[in-house]
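Structure, as structure tokens:
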Amino acid sequence: MRACFSKHVRLLKPDEFSRVFKNPVRSSDRYLTVLAVARDEVKIENSDFGSRLGLAISKKNAKRAVDRNRIKRLIRESFRQNQQNLPAIDLVIMAKPGTKSAKNQQIFQSLEQHWNKLAKNFKNQDV
RNA sequence: GAAGUUAGCUGGGCAAUCGCUGUGUUAUUUUUCCGUGUGAAAUCUGACAGAGAGGAAAGUCCGGGCUCCAAAGGGCAGGGUGCCAGGUAACGCCUGGGGGGUGUAAGAACCUACGGCUAGUGCAGCAGAAAGAUACCGCCUCGAUUUUUAUCGGGGUAAGGGUGAAAUGGUGCGGUAAGAGCGCACCGCGUUUACUGGUAACAGUGACGGCAAGGUAAACCCCACCUGGAGCAAGACCAAAUAGAGAAGCUGAGGCGUUGCCCGCGCUGCUUCUGGGUAGGUUGCUUGAGGCGUAUAGCGAUGUGCGUCCUAGAUGAAUGAUUGUCACAACUCAGGUUGUACAGAACCCGGCUUAUAGGCUAACUUCACCU
RNA sequence: UGGGCCGUCGCCAAGCGGUAAGGCAACAGGUUUUGAUCCUGUCAUGCGGAGGUUCGAAUCCUCCCGGCCCAG
């Protein structure tokens with residue numbers, strides 16, 4: 001699988017977002033909160049397997065547009081590199097107030113921990 | 001060379017790897033249409049080529065284009081601007097000039113909401129006699145009482161005192177009962193007037209007025225000029241749906257839209273109940289009052305001619321990440337370590353305002369040195 | 001992205017050119033055996049910030065800062 005990031009691996013519609021917010025598995029640390037839900041079986045039949053990503057970076061937590069853009073880009077980059085390790089889930093990532101002052105490497109480390117944690121969780125559920 | 005002032009430009013560079021979003025070419029997957037040409041259209045995934053944040057993209061404070069409302073029409077109301085001339089698509093912007101003010105070692109510079117209180121109305125707490133036509137103290141004079149002092153009453157007076165942010169031109173001389181532009185000289189003042197210069201604002205000179213009662217228009221207002229409303233979530237197209245149906249009620253001088261109101265104009269029956277049901281996509285969307293170079297007119301803003309270039313177009317929202325190296329800054333004996341301003345397009349332009357590390361250039365002023 | 005509104009004490013607020021009302025809360029005192037209620041007093045703490053107009057700005061004007069609402 002290629003490490004690409006195009007439209008069909010993102011959450012696009014309000015319905016998809018609200019489905020994640022409704023009943024999520026949480027994973028959070030001081031920088032980010034990750035919400036995850038297993039994907040619908042029916043929809044998976046039509047498209048390819050894999051996880052999908054949605055971002056929710058509020059103006060409250062990162063006031064400047066530059067910061068918001070930076071956070072989103074870092075999350076996408078990390079997701080792109082790690083998506084082959086993830087199960088078929090929908091993710092929503094939210095920023096916390098401390099995120100904007102964190103360095104790029106710190107955010108990457110935080111994200112990797114989240115990926116590992118989620119991968120373990122969902123494998124256990126399947127078993 | 002140093003310091004200062006002003007104006008303009010720039011906004012880290014290069015390389016490697018992995019990605020993202022448009023465009024073009026090409027291959028491929030799937031679908032649809034005509035109907036069977038290896039057509040047309042859409043779609044998916046690759047490859048290659050070339051492109052991909054700003055000077056403020058920001059604040060949304062002005063002005064325009066564009067779109068709809070009648071390609072906006074009349075009146076009132078409302079809003080805006082306010083020395084003069086020019087520039088511009090337009091402006092509350094810019095350029096040049098005038099008046100006023102600030103400031104420096106330097107008249108280098110900088111700032112300026114700068115029409116009209118003699119059209120009318122209003123306002124000025126406290127203090128003060130008085131804040132708009134004024135006599136508290138004081139000064140002078142007349143009358144009465146009185147030996148005088150003094151007291152009371154009538155009148156004149158704004159020179160002096162005191163209050164205030166502000167008190168009716170200033171100084172001197174004359175003049176007077178005391179005073180007063182009452183008169184004169186100088187200075188100041190001016191919807192007065194003549195001449196000169198200037199397109200004009202205005203400036204200068206002379207004469208005249210005797211100063212006419214002040215301040216405040218970012219107070220109402222008056223004058224002159226400008227101004228229709230809403231905004232790309234405008235609007236257009238495609239598909240679904242609001243449908244259609246039934247019942248009841250209301251009115252035709254009605255309802256809806258167009259601006260706050262009145263006209264005018266356009267569309268049209270309206271309301272409630274029953275029942276049923278929802279989904280978005282495409283376009284607008286980037287070639288423009290465009291950039292660059294050059295010639296030319298102009299003090300300048302800017303205009304004109306010629307040549308040349310095509311340079312983001314996202315939509316849960318692309319323009320990135322990592323590494324190396326160079327540049328700069330801070331720390332450090334060195335090795336090295338850390339950091340690199342303000343900040344992210346959303347229909348597009350012209351301004352203004354605010355934020356901004358560092359670097360570069362030019363002009364002017366003063367000082368120092370050399371010839 | 002566009003359009004609109006608001007900042008006055010810890011909270012709710014009036015005032016809109018002339019010394020910034022009032023209520024709640026807080027604090028102190030009184031009443032009471034104690035507490036609540038009630039009474040009296042205090043509240044130097046405030047007009048979001050910076051300029052300007054004015055003799056004088058919370059109020060008028062300009063520019064910023066912060067917050068809220070509406071439009072798919």
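Within every chain, numbering begins at 1; the chains are lettered A, B, ... in the order of the sequence lines, protein sequences first and strands thereafter. As the structure is a prediction and not an experimental result, all values here were calculated from the model.
Annotation: G24(B) and G284(B) have their P atoms spaced 14 Å apart (nearest Å). With both ends at atom C1', the span from G46(B) to U30(B) equals 16 Å, rounded to whole Å. G170(B) and G197(B): their C1' atoms are spaced 33 Å apart (whole Å). Rounded to whole Å, the separation between the C1' atoms of A194(B) and C93(B) comes to 42 Å. With both ends at atom C1', the span from A15(B) to G350(B) equals 41 Å, rounded to whole Å. Atom name P, nucleotides A234(B) and A71(C): the rounded distance is 13 Å, in whole Å. Comparing the C1' positions of A239(B) and G281(B) gives an interatomic distance of 8 Å, to the nearest angstrom. A357(B) and U332(B) have their C1' atoms separated by 23 Å, with the value rounded to a whole Å.
U193(B) is paired with G206(B) under the Watson-Crick or G-U wobble criterion, all donor-acceptor distances under 3.5 Å. With both pairing distances under 3.5 Å, G160(B) is matched to C137(B) as a Watson-Crick or G-U wobble pair. Applying the Watson-Crick and G-U wobble criteria (two distances, each under 3.5 Å), G305(B) pairs with U294(B). With a 3.5 Å ceiling on both atom-pair distances, the Watson-Crick or G-U wobble partner of G231(B) is C66(B). Across all strands shown, U315(B) has no partner, as no Watson-Crick or G-U wobble contact with both distances under 3.5 Å is found. In a base pair of the Watson-Crick type (N1 to N3 plus N6-O4 or O6-N4) or a G-U wobble (N1-O2 and O6-N3), with each distance short of 3.5 Å, A166(B) is matched with no nucleotide. Here U42(C) sits opposite A26(C) as a Watson-Crick or G-U wobble pair (both hydrogen-bonding atom distances under 3.5 Å). Across the strands present, G284(B) finds no partner; the criterion is a Watson-Crick or G-U wobble pair with both atom distances under 3.5 angstrom.
Whole-Å rounding puts the R64(A) CZ to U356(B) P distance at 13 Å. Distance NZ (K72(A)) to C1' (A321(B)): 17 Å, rounded to an integer number of Å. Residue F108(A) contributes atom CZ, which lies 10 Å from atom C1' of G320(B) at whole-angstrom precision. Remark: P of G320(B) and CD1 of I107(A) are 16 Å apart, rounded to the nearest angstrom. The distance from atom CD1 of I75(A) to atom P of G320(B) is 17 Å, rounded to the nearest whole Å. Atom-to-atom, CG of N104(A) to P of G339(B) comes out at 11 Å; the value is rounded to the nearest Å. Here A318(B) presents its P atom at 16 Å from CZ of F79(A), a figure rounded to the nearest Å. For the pair Q81(A) CD and C20(B) P, the computed distance is 12 Å after rounding to whole Å.
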Problem set entry | L32(A)/M94(A) under side chain to side chain contact (heavy atoms under 4.5 Å, CB included): CA gap, chis, key distance, verdict | CA-CA 6 Å; L32(A) 300 164; M94(A) 301 196 296; over 6 Å; no
For this session: Would you sort out whether R70(A) and N104(A) count as a side chain to side chain contact (heavy atoms under 4.5 Å, CB included), showing the intermediate values?
Result: CA-CA 9 Å; R70(A) 185 172 66 93; N104(A) 291 2; 2.8 Å; yes
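Taking syn as a glycosidic angle within 90° of 0, G52(C) does not qualify and is anti. Because its glycosidic torsion is within 90° of 0, U311(B) is reported here as syn. Glycosidic torsion of G305(B) falls outside 90° of 0, placing the base in anti. For A28(C), the base adopts the anti conformation, since its glycosidic angle falls more than 90 degrees from zero. Base orientation of A53(B): syn (glycosidic angle within 90° of 0).
A donor-acceptor contact under 3.5 angstrom links the side chains of Q81(A) and E77(A), judged on distance only.
Checking L55(A) against V66(A), the closest nucleotide of RNA chain B that is more toward the 5' end is the one next to L55(A). Heavy-atom distances to RNA chain B give each of V92(A) and D67(A) a nearest nucleotide, and the one nearer the 5′ end belongs to V92(A).
Comparing A317(B), U319(B), A343(B) by their closest approach to the side chain of R73(A) singles out U319(B). Relative to the side chain of E77(A), the nucleotides A343(B), G320(B), A318(B) differ in distance, and G320(B) lies closest. Closest contact between the side chain of Q105(A) and the listed nucleotides G320(B), A53(B), U323(B) involves U323(B). Side-chain atoms of A56(A) lie closest to G316(B) of the nucleotides G316(B), A321(B), A317(B).
At least one donor-acceptor pair under 3.5 Å links the side chain of K96(A) to the backbone N or O of D29(A).
OP1 and OP2 of A343(B) both lie 4.0 Å or more from every side-chain N or O belonging to R70(A). Using a 4.0 Å cut-off, no side-chain N or O of N69(A) falls inside it from OP1 or OP2 of G320(B). In this model, the phosphate group of U322(B) is not approached by any side-chain N or O of R80(A) to a distance below 4.0 Å at OP1 or OP2. When the side-chain nitrogen and oxygen atoms of K103(A) are compared with OP1 and OP2 of G339(B), one or more of them lie within a distance under 4.0 Å.
Distance check, rounded to the nearest 0.5 Å: NZ of K103(A) to OH of Y31(A) gives 9.5 Å. We find the CD1-CD1 distance between I93(A) and I75(A) to be 5.0 Å, quoted to the nearest 0.5 Å.
Annotation for K117(A) and S28(A): closest pair NZ-N, 4.4 Å, computed over non-hydrogen atoms. Between L74(A) and F108(A) the shortest heavy-atom distance is O-CE2, 3.7 Å.
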